[in-house]
Amino acid sequence: MKIYLDNNATTRVVPEVLDAMIPFLTERFGNPSSFHSFGSDIMENIEKARKNIAELIGADAEEIIFTSGGTESDNTALIGAVEINPLKPGLVTSRIEHPAVLETAEYLAGKRHPVAFSEVNSDGTLNMDSFENCISEQTGLVSIMMANNETGVVMQVKEAARKAHEAGALFHTDAVQAMGKVTVDVKSMGIDMLSLSAHKFHGPKGVGALYIRKGIAIPPLMLGGHQEKGMRAGTYNVPGIIGLGKAAELAAEHLSDKSGGTGLLLDKLEKGILDNCPGAVVAGANTERLPNTATVMFKGVESEAVMTMLDIEGVCVSSGSACSTGEQTPSYVLSSMGIDPVDANTAIRFSLSRYTTSREIDYVMEILPPIIEKLRKISPYAY
Ligand code: PLP
């Protein structure tokens with residue numbers, strides 16, 4: 001038995017999505033850019049997928065371009081937007097963004113763009129004082145993620161967008177982790193650009209989209225073709241785009257089902273852990289989080305050991321820390337929240353999906369407390 005609780009890393013492609021994709025991997029293999037009907041008929045299906053994405057985020061279809069995923073969408077938005085206005089070459093972002101944003105920001109800083117990183121609070125939300133101090137007359141773009149991939153903490157996107165606009169800057173959000181988990185409406189939230197990725201909400205890997213509000217003209221990242229009105233060169237990933245469109249349609253259906261399934265299971269898991277594993281602490285416990293994500297620190301026991309023992313018992317989770325040259329490096333997200341590095345190295349991320357079952361959570365609660373207890377007995381750290 002395998003219990004997969006690492007859905008923020010990636011999700012399963014659901015049968016409806018696979019079924020929608022198969023014809024485009026087999027008999028409908030045409031190139032949508034072809035003039036003959038074998039190719040151009042396929043364009044209609046691509047446009048349907050575009051419409052589904054637009055509907056999921058409250059945008060118009062023509063405001064969506066298809067990309068290879070969240071990383072490319074983030075790169076396109078950031079690298080493009082700081083080029084628009086020479087008087088506003090600056091970027092403001094936060095310390096806890098995904099590397100697709102952080103490393104692009106570092107790259108832009110290396111190209112002499114003024115880049116500032118806002119601090120976050122101890123609960124993982126944006127520190128508004130620090131954020132406001134980062135914004136200057138030179139700021140042309142603000143990029144703040146909608147929800148953090150490690151903690152699930154939902155950021156104050158609407159407020160950040162308002163402050164960006166007051167300073168005459170555009171606002172981009174990396175909504176890769178938020179899609180399909182919380183309602184997203186670009187218009188009411190004041191979002192100018194938004195990145196999303198299919199494989200985080202039961203679509204295929206290697207495909208995503210970037211929303212660019214009508215009227216904003218950023219230069220493309222990929223050159224060499226007229227696809228996507230010149231905004232994203234390269235032959236269409238047809239099966240991927242069809243899968244993304246279907247995943248978006250299903251996500252919208254599940255979001256409108258307010259039964260709170262995943263959220264209730266997450267509550268059950270968190271309560272079970274807090275009641276049965278003394279000293280466990282949930283990161284961002286008292287703030288709004290995605291209904292599927294809990295990062296828990298089991299003080300005194302290294303996360304690598306917990307992860308390995310859970311894996312042996314068939315439960316797949318992840319930790320925020322990276323293992324380099326045999327040393328564990330604490331997660332920069334947890335460190336930015338002011339969490340002690342020793343504690344940060346004990347963090348385990350549980351990320352559920354709408355396919356997680358109550359029985360799976362029961363099983364985790366059967367095996368987890370004895371694992372923690374056993375590891376604590378041999379741990380050199382007190383808790
Ligand atoms: N942004 C966030 C918040 C993510 O969690 C991820 C993936 O983990 C990405 C961007 C990158 O997306 P992709 O894997 O589609 O390139």
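Order of appearance sets the numbers: ligands from 1, and atoms from 1 within every ligand. Computed over heavy atoms, backbone and side chain alike; hydrogens, waters and symmetry mates excluded.
In summary, Glu249 and Lys48 engage in a salt bridge, as defined by a charged side-chain N under 4.0 Å from a carboxylate O.
Between Asn149 and ligand 1, not a single N/O pair is under 3.5 Å apart. Between Asp174 and ligand 1, at least one pair of N/O atoms sits closer than 3.5 Å. Considering both main-chain and side-chain atoms, Gly70 comes within under 3.5 Å of ligand 1 through a nitrogen or oxygen pair.
At a heavy-atom distance under 4.0 Å, only side-chain atoms of Met145, from C-beta outward, approach ligand 1.
Looking only at atom types and distance, the side chain of His98 has no donor-acceptor partner in the side chain of Asn148 under 3.5 Å away. Remark: the Asp174 side chain and the Ser195 side chain contain no N/O donor-acceptor pair separated by less than 3.5 Å. A side-chain donor-acceptor contact under 3.5 Å links Ser188 and Asp185.
Looking from atom 4 (C) of ligand 1 to the surrounding protein, the closest heavy atom is His98 CD2, 3.2 Å. In this structure, atom 14 (O) of ligand 1 lies nearest to the protein heavy atom His199 NE2, 2.9 Å. The closest protein non-hydrogen atom to atom 5 (O) of ligand 1 is Gln177 NE2, 2.8 Å.
Side-chain heavy atoms closer than 4.5 Å link hydrophobic residues (I, L, V, M, F, W, Y) into clusters, and following such links, even through other members, never connects Val176 to Val186.
The residue from Val182, Leu264, Leu266 that alone fulfils the side chain to side chain contact (heavy atoms under 4.5 Å, CB included) condition with Pro291 is Val182.
In summary, the atoms of ligand 1 found under 4.0 Å from a heavy atom of Thr71, numbered by their order in the structure, are 11 (C), 12 (O), 13 (P), 16 (O). Of all the atoms in ligand 1, the ones that sit under 4.0 Å from a non-hydrogen atom of Ser197 are 13 (P), 15 (O). Those atoms of ligand 1 that come under 4.0 Å of a heavy atom in Gly69, given as number and element, are 15 (O).
Ligand 1 is approached by Lys200 to a heavy-atom distance shorter than 4.0 Å.
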Give the C-alpha distance, both sets of side-chain angles, the deciding distance and a yes or no for salt bridge (Lys or Arg N to Asp or Glu O under 4.0 Å) between Lys163 and Glu132.
CA-CA 8 Å; Lys163 295 206 187 297; Glu132 281 178 45; 3.2 Å; yes

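Checking side-chain atoms of Thr293 against main-chain N and O of Ser351 turns up no donor-acceptor pair under 3.5 Å.
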